[in-house]
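Encoded as structure tokens, the structure appears first; notes follow it.
In each ligand, atom 1 is the first atom listed, and ligand 1 is the first ligand listed. Side-chain atoms are counted along with the backbone in the values below, which use heavy atoms only and exclude waters and symmetry mates.
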Amino acid sequence: MAEEFYCMKCRKKVQVDKFEKKTLKTKTGERAQLVGTCPSCGGKVFKFVKA
Ligand SMILES: [Zn+2]
């Protein structure tokens, strides 16, 4: 299932179907992040999601 990310390089929203979920531990708790690759430029795209 594709997720919509905002690519900083392309400056537009892109649909990414390959991404992984990473959990980051911070001082304020855990934060989940989706990390994928932009299909247009090959750059990294990411966004925070609810854990
Ligand atoms: Zn891009």
Co-members of Tyr6 in a cluster of I, L, V, M, F, W and Y side chains, linked at under 4.5 Å: Met8
Distance below 2.8 Å from the Zn ion (ligand 1): protein N/O/S atoms: Cys7 SG, Cys10 SG, Cys38 SG, Cys41 SG
Separation of Arg31 CZ from Thr26 OG1 (nearest 0.5 Å): 7.0 Å
Pairs satisfying ring-ring contact (aromatic ring centres under 6.0 Å, His included), at least one member in residues 7-34, at least two apart: Phe5-Phe19
Spatial distance of atom CE (Met1) from atom CG (Asp17) [nearest 0.5 Å]: 11.5 Å
Atom pairs and distances, side-chain donor-acceptor, residues 36-49, under 3.5 Å, sequence neighbours left out:
unit_1: Lys47; atom_1: NZ; unit_2: Glu3; atom_2: OE1; d: 2.8
unit_1: Lys47; atom_1: NZ; unit_2: Glu4; atom_2: O; d: 2.8

